[in-house]
Every structure is written in structure tokens, then in C-alpha cells.
Number of protein chains: 2
Amino acid sequence: MPSKMTGNTRIAPSKNLADILISRIREQIFDGELQLGDQLPTEQEMAEAFGVSRTVVREAIAALRSDGLVRTRQGRGVFVASNLDNRPFKIDTEMMNSAEDVMLIMELRMTIELEAAAVAAERRTKQDIAVIAEALEAVQKSIDIGEEGIEADFEFHCAIAAATKNPYFVDFLKYLGRIVIPPRYLNSAVLDADAMHDYLTRVQTEHRDIEAAIINGDSESARQATRLHLANGRERFRQQMKEKTGD
Amino acid sequence: MPSKMTGNTRIAPSKNLADILISRIREQIFDGELQLGDQLPTEQEMAEAFGVSRTVVREAIAALRSDGLVRTRQGRGVFVASNLDNRPFKIDTEMMNSAEDVMLIMELRMTIELEAAAVAAERRTKQDIAVIAEALEAVQKSIDIGEEGIEADFEFHCAIAAATKNPYFVDFLKYLGRIVIPPRYLNSAVLDADAMHDYLTRVQTEHRDIEAAIINGDSESARQATRLHLANGRERFRQQMKEKTGD
DNA sequence: GAAGTCAGGTTATCCTACAACTGGCCAAGT
DNA sequence: ACTTGGCCAGTTGTAGGATAACCTGACTTC
């Protein structure tokens, strides 16, 4: 055990028995071993089959039920759900190993941001416009104090999504935003403070173009401005990745 | 009890204690009562506070842990996760009460289909083109035997999403497809068989325009053709809803 | 200061017992 | 013949006791 081990690098605890069982049963459902509507073995049978106590089985079943994968009928048994409509959409962040994956998720996120800007241009209220303006000021403040404004930038895009009046746009964008924050900056170790500030000011100009199109209620301009902004950001990211792999 | 009562209207069982507790704790996390990284009361304390056995608490915690909302540390306690990246995106289908909600989810789905067509035009392989063609044939077959081709139509859009080479497009479209199938047809009780066939043939023409743009590798045409197709479908749906509320 | 030990707190697992529910079956009543 | 009510077996739901396992912090020893 290295003496430099700090509390933050504590080895993650291995999964407990209930977690292992959840994964096992989940696999059986997705691999087709268990079909929609099929009855699972009784709790007692599963306990014996997996060599665990019934408590562990019940914990696993509770999790699967909460996930919408199984239904339980007291006195009858446990059944695979008759449809998996209740299964949530989930990006497994542990499987995101590569920059390629990050790019693909960013692409999905950009798709949402793009159309959100267009719809926002159609539906925005005066209040929405005020919120978007505030978000832009927050970005500017962040830049002015020497930060990169990443969080404020995201709030700007969320404000646009809110102006669509479609909560599903907002929720999904927020979900994706938790998973990938597109770096709209070059590697900060490369640029000095002045160059970074110039660069971020250019990004902010792109933001203001989007804002203007939304204020004008011009969907097509909003779409174009957002597409340009996102394309620029993606190109920056791509170059950064190229430089990284060039190490 | 009406004699026309069928088995499909069986009353759903109420939630058990573990399910109720899962919802309670989930609310406390999302309402901000519990912050990221906060420690929850001990299992025993929660059991006393909620008036249930420790078994029920453990089942609830197992579900929340599987959902990524909490971490458990044996000997230390249960903690709200330090980030909620693992929380899946979920549309609560039980809350979808209105046609308005359906329209909003359709809008999100259309956003994906739209951009998928454009990206597919850039990235499609010969194999992708063959799969898309097959999907179109399947739609045609369905129409020819007097059906509306709803499932085949969805497979067509999934084939396009697959051609993006972005699995996240595919997965998300499939997720949304499970929740809403946009009716691209008028009320079948209104149209006779000939008018329906004519109508679906027109829809199929829109499909072929999309296919052609993808084959030609023309993103912008793919986008336009898909936008037209989706706009037409949405207008049909809107009119159907209007007629329905006119009853 | 570093290493080792121990106590206390808490989760993890197992077990027993009983309650509650469900569907099938059978008998009684109309 | 059909309906209703009761009983029974099978299975999930809940409670609670007991012990193992883990983890951290405090204390002691070198």
C-alpha cells in the first residue's frame, strides 16, 4: 500500500451481492433468455440458485422493479414487464472511454441545441429574452474575471431551451449537459490570458448572434447562427484532440 | 359491473412500502432537501422515521443505489451521490395526459429524425443504403396489404439513424419511439380504403425523397425532405386532434 | 512521526416468522 | 347451468433478531 495514497483515491468498493444479482437478471432480460411477460423463478428458488439469502434477492428485485424491468404480484410471482416502455434512456458514462464517444454525445447534444434555438425563436416571450440576456451577461462576467464561463455558457443554452416551452428539450439538454460539457476553449495551457480572453470574446459574439436571431423571432437565422457556433466549437475540440494524440 | 368489462381493465396493484420510500427519498434529493454528497440518516433511523422495518429501507436504498442516486459505504453510511451523472433520462409516461404532451415529445423526436437524416447523408455506406431501401420496401408491403405501416415506418427512421454511425442517435430514437408513435395517418374511420392507400402512397413518396437525398450524400436536401415530411405529418396529427376535440 | 491496535458505528447478509394477496377449486344456492 | 362464497396452496411483503464485514478515528507503542 503506497504511503502517498490519499483519501480521494480510495479504491471503490466492489459491488455487493444485490448489485451483482441486479446485473445478472438484467442481462438475462436483455439477452433474450427471459422474454417479455415471462415469470421469473420464485424468490426462494433464485436465492438457492444464486447461493444468496432471500433478502439479497428481494433487494435486487426491488431495484429492477423500480427500473420498470419487472412487475411483482404478491402471491403470484415476479414477471418480466410486458413492455419496456418504462425503461429510461441512459448513457453509460463508465463506457465512455474515448474522445470518439464524447464527440458522438456532443453531436446529439448539438442536435438538441440547434433545433432548440429555432423553436425558441418562434415561441420566446419577453421574459425568455430577458433570461437569455441575463445568461449572456453571466457568461461575460465569467470571462471578465478570467474564467472560461463554461457553466454560464451551458446556462445560456438552457435558457434557450426553456424558451422552446418544451420541457422535454430542457430536461434532455440538462441530462446531456451533465454528461458532456463541450470544451469551447483551446487547451488553457497553450494560450496566455490575453489570447484566451480574445478567443472567448469571439465565442461571445457568436452567442450574441444567436440571441439576436431569437429576439427577432427568426428561426432560420437562429438555426444558422447556432450551427455556425456549434461547428466552430466542434472544430476547436477536434483540433484539441488531434494535438493531444500527437503527444 | 358492466358485462362488457374485459380483463385488460384490471385495477393496478398499489405500490408497496419500498416503492413509496424510493419516491420519498428521490424527492428529497431532487427538491434540494438533500444535497450532493450529503449523508442520509442511518438505515435504522430511516426505518424509525418512516415507520417501516429496516428491510424495507434496505430495499429502497438498493434501488436508489442501482439508479446511481446514492452510494453506500459499509460501516459509514449512505450518501447522496457526489454527482448525478448516472441518473437516466426518463419521460414519465404516466404523466403524459394530454395530446399537448404527445406533441411536445413528438417535437423532440422530430428533432432527432431531422438531424439524423442530414448526418446519415454524410456518413452512409452502401450497406446503410441497402438497409434503408429494405425498410422502405417493408413500408410498401405493409401498405399493399392494407395496413398503415406504422412499425415499418419507424424501422425506416431507425435505419436512417443507424446510418449516422452514432449509436446515441439510434438508442434515443428507439427510446422515444417506444413512447410516441406519431400517427401519420388520418383517422382510419374517416377514410375509405382507397383514400387511405392514396394517402399512404403520398407519405411513401416523401420517404423516397428522403432516401434519394441520403443516397446522393446531400445533407441539406435530406434535411429539407425530412422537415417537409415531418411538418406534413405534424399537420395531419394537429388536424386529427382538432377534429377529436370538436366531438 | 510512523505503525499498529482497538473500539465504535454502520452497512451487508442471513435467518425465522407471520401477514397479505392471488388464483384455482369445490360446494351451496338460485 | 350459472353465480357466489369459502377454502387452500403458493408466493410475495414485512418485521425483527443475529452476526459478519467494513471503515474511520483515537490511542498506544516504538
Side-chain angles (χ1 to χ4, degrees), chain A residues 1-25 37-67 69-82, chain B residues 1-25 37-67 69-82:
Chain A
M1 196 58 109
S3 63
K4 294 288 168 94
M5 173 74 71
T6 71
N8 285 338
T9 57
R10 177 169 52 215
I11 293 170
S14 62
K15 293 195 174 193
N16 63 26
L17 292 179
D19 291 335
I20 292 168
L21 197 51
I22 293 166
S23 299
R24 289 276 181 81
I25 296 172
D38 275 3
Q39 178 164 13
L40 274 68
T42 66
E43 292 176 356
Q44 190 57 46
E45 285 166 354
M46 284 191 269
E48 284 160 15
F50 290 108
V52 296
S53 75
R54 194 177 146 224
T55 305
V56 171
V57 172
R58 287 194 55 79
E59 291 179 13
I61 295 297
L64 293 167
R65 183 178 62 234
S66 176
D67 239 13
L69 290 195
V70 303
R71 293 174 303 123
T72 55
R73 290 292 175 271
Q74 185 172 341
R76 296 317 297 161
V78 183
F79 302 82
V80 180
S82 50
Chain B
M1 191 61 107
S3 63
K4 295 287 168 102
M5 172 75 69
T6 70
N8 285 337
T9 57
R10 176 168 54 212
I11 294 172
S14 61
K15 293 193 172 191
N16 65 24
L17 292 179
D19 292 334
I20 293 168
L21 195 54
I22 291 167
S23 299
R24 288 276 181 81
I25 296 173
D38 276 2
Q39 178 165 13
L40 273 68
T42 64
E43 292 176 352
Q44 191 55 48
E45 285 167 354
M46 283 192 268
E48 284 160 15
F50 290 108
V52 297
S53 77
R54 198 177 141 228
T55 305
V56 171
V57 172
R58 288 195 56 77
E59 288 180 14
I61 295 297
L64 292 166
R65 183 178 64 234
S66 176
D67 240 12
L69 291 195
V70 302
R71 293 173 304 122
T72 55
R73 290 293 174 272
Q74 186 170 340
R76 295 315 297 161
V78 182
F79 301 82
V80 180
S82 52

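Below, chain A is the first sequence line, B the second, and so on; all start at residue 1.
- Which of C:dC14, D:dT14, C:dA12 sits closest to the side chain of A:V52 comes down to C:dC14.
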- Are A:L40 and A:M46 close enough, and set up right, to give a side chain to side chain contact (heavy atoms under 4.5 Å, CB included), and what steps lead you there? CA-CA 8 Å; A:L40 274 68; A:M46 284 191 269; 4.1 Å; yes
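- You won't find any donor-acceptor pair under 3.5 Å spanning the side chain of B:R73 and the base of C:dA12, going by distance alone.
- Under 3.5 Å, the side chain of B:Q74 and the base of C:dA12 form no donor-acceptor pair of N or O atoms.
- Between the P atom of D:dC23 and the CZ atom of B:F79 lies a distance of 12 Å, rounded to the nearest Å.
- When rounded to the nearest whole Å, the span between CG of B:L17 and P of D:dT12 equals 17 Å.
- Closest to the side chain of A:T72, from the set D:dT12, C:dT11, D:dA15, is D:dT12.
- Dashed line: the shortest gap from a side-chain N or O of A:R58 to OP1 or OP2 of D:dG13 is under 4.0 Å.
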- Query: How far apart are the C-alpha atoms of B:I25 and B:L21, what are their side-chain angles, what is the distance that settles it, and do they pass the side chain to side chain contact (heavy atoms under 4.5 Å, CB included) test?
  - Reply: CA-CA 6 Å; B:I25 296 173; B:L21 195 54; 4.0 Å; yes
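- Of all the heavy atoms in B:S53 and B:A47, the pair that sits closest is C-CB, 4.0 Å.
- Closest non-hydrogen pair, B:A63 versus A:S66, comes out as CB-CB, 4.0 Å.
- The phosphate of C:dT13 (OP1 or OP2) has no side-chain N or O of A:S53 nearer than 4.0 angstrom.
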- Should B:V78 and B:R65 be marked as a side chain to side chain contact (heavy atoms under 4.5 Å, CB included) after you check the CA-CA gap, both sets of side-chain angles, and the distance that decides it? CA-CA 9 Å; B:V78 182; B:R65 183 178 64 234; over 6 Å; no
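- Counting to the nearest Å, the C1' atom of D:dT14 and the CD atom of A:E43 are 11 Å from each other.
- If you measure from atom CZ of B:R76 to atom C1' of C:dG8, you get 9 Å, rounded to the nearest angstrom.
- To the nearest angstrom, P of D:dT12 lies 14 Å from CG of A:L64.
- Whole-Å rounding puts the B:R54 CZ to C:dA12 P distance at 9 Å.
- As a whole-Å value, the separation of A:Q44 CD from D:dA9 P is 19 Å.
- Residue A:T42 is classed as a sugar-phosphate contact, given heavy-atom separations below 4.0 Å to backbone atoms only.
- Atom CD of A:E48 and atom P of C:dC14 are 13 Å apart (whole Å).
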